[in-house]
Amino acid sequence: KSLFRWCSTKCRPTRRCFWRDDYMEALGRLHLTVSRAYRVNPEINFEVFIHKVDGLSDDHKIETQRDIHQRANDDLADASLEKLHLSFYLTSIYDHSIFEAFSKVVQKLIPQLPTLENLLNIFISVSRKVFLTYCSSPVDMQYYELCCDMIDVVIDVSCIYGLREDGSGSAYDKESMAIIKLNNTTVLYLKEVTKFLALVCILREESFERKGLIDYNFHCFRKAIHEVFEVGVSAQRPLGSQAVGSPCNKAVALNGTPRNTV
C-alpha cells in the first residue's frame, strides 16, 4: 500500500505502478550513496538522472519526477541531511534530453558561465540576431535539437573530408565553420570558438545578408572568450611561475579585465 501510495488499493497493476516499483529500489541505493558521499565531502553537488522516461506521458513524467524528488528529500531529512541538495533531470536516449541534462551539469562546472552568457547576449544585440544557443534566455527544444544535430553533422562530415590523406589532423579546429540553409527561410551558422566550444547561430535568411557584420562581431566575441579563459588560467597559476618584470606580467581587476602592473 505504501509502495503504490498514489494508486488505488483496488486498481489493477499498471505499467505506471510497476515503473514506480522499479525506482523504489533505486531510491534506496541513491540515499545510501549520497549520504556516504556527503559525509566525506559536504561541498559535493549531486546530479540525479532519471532515465528511460520515454514510456511515460508528459503528465506522468512530471508526476514521477515530483514523486522521486519528494521521496529522496524526505529520506535525507529523516537522516538529518537537510542541507544536501539534489538536482533531478528526466532523460531518454530517444531524444536530446540526455544531452540537455549533461549540458546543464557541465555549465555548473564553468566558473566563467555568467561572463559567457553576458558576452552571448551582447553578441546577439549588436548583430541583431534571432537566436543563439546556450544564451541565458529559455531555449526551445526544437532549436536545441537543431543545434546539436548540426554539430554532429559538421564533425561527421569533417571526419570524412576534412582530414589529411594520412588520417592526421583534427575534424574540428580553428578553421571549422558551416552554413546550413533550411527550407523555412532559416539559416544555421556554426563557427569554432575554442577546441572545446562552438558557436551555433539560428537566424532568418534576410538577416544573414549582413554576414560581414556578424563575422566581425564574432571575431570580437571569440577574442573576448579567449581572454576570459586566459584570465581563469592566470588566476590558477601558482605565484612565482612568471618572471617579475616580464612584459606579460599582469594583474586581474575585480571585473576580470587584465591590467598592466609595474
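In what follows, every heavy atom counts, from backbone to side chain, and hydrogens, waters and symmetry copies are set aside.
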Short question: side chain of [X], backbone of [Y] - any donor-acceptor pair under 3.5 Å?
{"X": "Asn217", "Y": "Leu213", "result": "yes"}
{"X": "Ser170", "Y": "Asp173", "result": "no"}
{"X": "Ser158", "Y": "Ala171", "result": "yes"}
{"X": "Ser207", "Y": "Leu203", "result": "no"}
{"X": "Arg222", "Y": "Glu192", "result": "yes"}
{"X": "His226", "Y": "Val193", "result": "yes"}
{"X": "Ser97", "Y": "Ser92", "result": "yes"}

> Between Phe99 and Glu145, is a side chain to side chain contact (heavy atoms under 4.5 Å, CB included) present by the stated rule, with each step listed?
Replying inline: CA-CA 9 Å; Phe99 300 109; Glu145 292 177 358; over 6 Å; no
> Could you state the interatomic distance from CD1 (Ile68) to CD (Glu63), rounded to the nearest 0.5 Å?
Replying inline: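 With rounding to 0.5 Å, CD1 (Ile68) is 11.0 Å from CD (Glu63).
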> About how many Å separate CD1 of Ile151 and OH of Tyr172, when rounded to the nearest 0.5 Å?
Replying inline: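 Tyr172 OH to Ile151 CD1: 7.5 Å, rounded to 0.5 Å.
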> Just wondering, do Tyr38 and Thr33 contact through their side chains at under 4.5 Å, heavy atoms?
Replying inline: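 Thr33 does not reach Tyr38 side chain to side chain.
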> Do Lys211 and Phe208 touch side chain to side chain, with heavy atoms closer than 4.5 Å?
Replying inline: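 Yes, side chains in contact.
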> Less than 6.0 Å separating the ring centroids of Tyr89 and Phe102?
Replying inline: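 Ring centroids of Tyr89 and Phe102 are no less than 6.0 Å from each other.
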>> Going by side-chain hydrogen bond (donor to acceptor under 3.5 Å, both in side chains), Gln70 matches just one of Asp74, Asp67, Asn73. Which one?
In response: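 Checked Asp74, Asp67, Asn73 against Gln70; only one passes side-chain hydrogen bond (donor to acceptor under 3.5 Å, both in side chains): Asp74.
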> Can you list the steps and then say if Leu182 with Leu146 is a side chain to side chain contact (heavy atoms under 4.5 Å, CB included)?
Replying inline: CA-CA 11 Å; Leu182 306 181; Leu146 273 175; 4.2 Å; yes
>> Please determine whether residues Phe218 and Tyr216 belong to a single hydrophobic cluster, defined as Ile, Leu, Val, Met, Phe, Trp and Tyr linked transitively by side-chain heavy-atom distances below 4.5 Å.
In response: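 Per the 4.5 Å side-chain linkage, Phe218 and Tyr216 are not co-clustered.
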> Under a 4.5 Å side-chain heavy-atom rule over Ile, Leu, Val, Met, Phe, Trp and Tyr, are Leu32 and Leu27 clustered together?
Replying inline: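 No, separate clusters.
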> Is any NZ, NE, NH1 or NH2 atom of the basic residue among Arg71 and Asp75 found under 4.0 Å from an Asp or Glu carboxylate oxygen of the other?
Replying inline: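 Judged by the 4.0 Å cut-off on N to carboxylate O distance, Arg71 and Asp75 do not form a salt bridge.
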>> I'd like to know if Lys104 and Glu47 make a salt bridge, using a cut-off of under 4.0 Å between side-chain N and carboxylate O.
In response: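 No, Lys104 and Glu47 are not salt-bridged.
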> Can you tell me if NZ on Lys108 sees more than 12 non-hydrogen neighbours from other groups inside 6.0 Å?
Replying inline: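 Enclosed.
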>> Test side chain to side chain contact (heavy atoms under 4.5 Å, CB included) on Asn45 and Leu86; report intermediate values, then the result.
In response: CA-CA 7 Å; Asn45 294 324; Leu86 300 177; over 6 Å; no
>> Under the criterion side chain to side chain contact (heavy atoms under 4.5 Å, CB included), I'd like the reasoning laid out for Asp54 against Asp95: C-alpha separation, chi angles, the key distance, then a yes or no.
In response: CA-CA 9 Å; Asp54 45 271; Asp95 55 33; 5.9 Å; no
